[in-house]
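For reference, the structure discussed in these notes is given below.
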2 protein chains.
Amino acid sequence: MSLNSAQKSRKSPCKTSDTQGRLLNAAEALFIDAGYAGMSARAIADKAGVNIAAMGYHFGSKQGLLEAVLIRRIAPINTSRRLRLQAVRERRAESIRDILHAFLWPVFFNEHEAPARRLMGRVMTEPAEVVEPLLSLVFSDVIEQFVLAVAACFPKQDRALIAQKFSFVVGALSFTVLRPSERLLGSAPPTEVSFERLLNFSIDGFLEGPSVSVNSKDIP
Amino acid sequence: MSLNSAQKSRKSPCKTSDTQGRLLNAAEALFIDAGYAGMSARAIADKAGVNIAAMGYHFGSKQGLLEAVLIRRIAPINTSRRLRLQAVRERRAESIRDILHAFLWPVFFNEHEAPARRLMGRVMTEPAEVVEPLLSLVFSDVIEQFVLAVAACFPKQDRALIAQKFSFVVGALSFTVLRPSERLLGSAPPTEVSFERLLNFSIDGFLEGPSVSVNSKDIP
DNA sequence: TCACAATTAAAACGGTCGTTTGAATTATAC
DNA sequence: GTATAATTCAAACGACCGTTTTAATTGTGA
């Protein structure tokens, strides 16, 4: 029996069916479109062209399959983020643009493009509790690193304020990549354009903008 | 038979059980926590302390109940947004702060506070196709009005750019109100603080910030 | 070729899904 | 009080859920 996929690919090197890969792709697409509760094991198996029992055999459960889906795409993105942040830091002249660029770029540009982007958006807004431990496992560290880096850029700004500003960036990012983005906008701009716009928007939010000098009155 | 709730309340003015209200409250809470696919009709009925058939009787279906839930909370928020935008316009000196204030304020401050906030965040990220027509029905008009108002503030800026910046605001807003917000931040700041921070962050994103003068290189 | 492990397949498991039915109960109007 | 409508209730509908079992099939090393 298998139940583990890591060491097994070494024992059977020439897989022609690639059941695991087909399951991962099918589950990814359905999770993006319907979320965890909305994707059924039978729909996954059908889309993958695989017997339904294959899911339990290769990944243990539906939750195990989703975890594999997330780790396959999200972990490389966060690794890329970390590497880029490290490269920026080694230049000893990090700017807020460099830091946010390192955070946003791997989401928009990677070898899997749209699927990875939308998967990122979906998982950040997924209500199912099964993804909660996965989220903190994969994200908490990289988020903390980036918030620290941004804080180093603005020693004067309140730390909690910086953390929340960063969560605004995460929100704008998640919402942007969640859909083909014809929802609010009439049409979807090219990926490079969306990326550049979100980057500039986020940068301006961190810089000490004119907004701080203006008082707003709550008109109840 | 009923199947319609609008004209019926006039015929039976003294409801002691308030089955519809209990169903709405229960469905709202469960939808916020689990999304459409994750909330079951039986869980709703149990939480409401009501027979399961009451849902079909009063709202036709689970989808009908969710529609009533959304309209009850979201429509008043958007109405408040429109009224505030109109008030700002009549002053003939609208600023980006005033416009964004009118857009954000009704989400953070209304008579139902946290439930309405989180419901707003959940519905904006809900994958189920059943909410799609509801979304465009309730949101497309108010969004268009606000984008137009912002565009009037910045006649020089590209219209598509403004629309996408506004979607960034919507994303940051949705993500902020989606959870009690202990997810990325360590703790949740008071509502007024979060509101003020998001407002300032959004304003800075629209103002012609320093980011436009700096070119970013894509380091692949 | 033969044992043996890995994988796939068909079928069923108990359970829950959203919805419907029809009778019982309650409120309203005359 | 009685007819009539509105509402609630228990029960069941067929369908689908995630998972498991058991047997058949495939691939691999001796």
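Every chain is numbered from 1, with letters handed out A, B, ... down the list of sequences.
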Are A:E196 and A:L104 packed together at the side-chain level, in the sense that at least one heavy-atom pair is separated by less than 4.5 angstrom?
no
Given side chains that start at C-beta, do those of A:L178 and A:R122 come closer than 4.5 Å, heavy atoms only?
yes
Contacts of A:F108 that satisfy ring-ring contact (aromatic ring centres under 6.0 Å, His included) - sequence neighbours left out:
A:F195
Could you tell me how the ring of A:F146 sits relative to the ring of A:F103: parallel (under 30°), tilted (30 to 60°) or perpendicular (over 60°)?
perpendicular
Expected string for nucleotides 17-25 of chain C under the B/S/- scheme (protein heavy atoms, under 4.0 Å, primed atoms plus P, OP1, OP2 as sugar-phosphate) is BBBBB----
Between side-chain atoms of residues 35-55 of chain A and protein atoms elsewhere (two or more places apart, or another chain), which donor-acceptor pairs fall under 3.5 Å?
from, atom 1, to, atom 2, distance (Å)
A:S40, OG, A:A43, N, 3.0
A:N51, OD1, A:A53, N, 2.9

Can you check the [X] [atom1] to [N] [atom2] distance for me, whole Å?
X: A:F59; N: D:dT20; atom1: CZ; atom2: C1'; result: 18 Å
X: A:H58; N: D:dT20; atom1: NE2; atom2: P; result: 15 Å
X: A:R22; N: C:dT7; atom1: CZ; atom2: P; result: 16 Å

Return yes if a side-chain donor-acceptor contact under 3.5 Å exists between B:N78 and B:R81, otherwise no.
yes
OP1 or OP2 of D:dT8 sitting under 4.0 Å from any side-chain N/O of B:T19?
yes
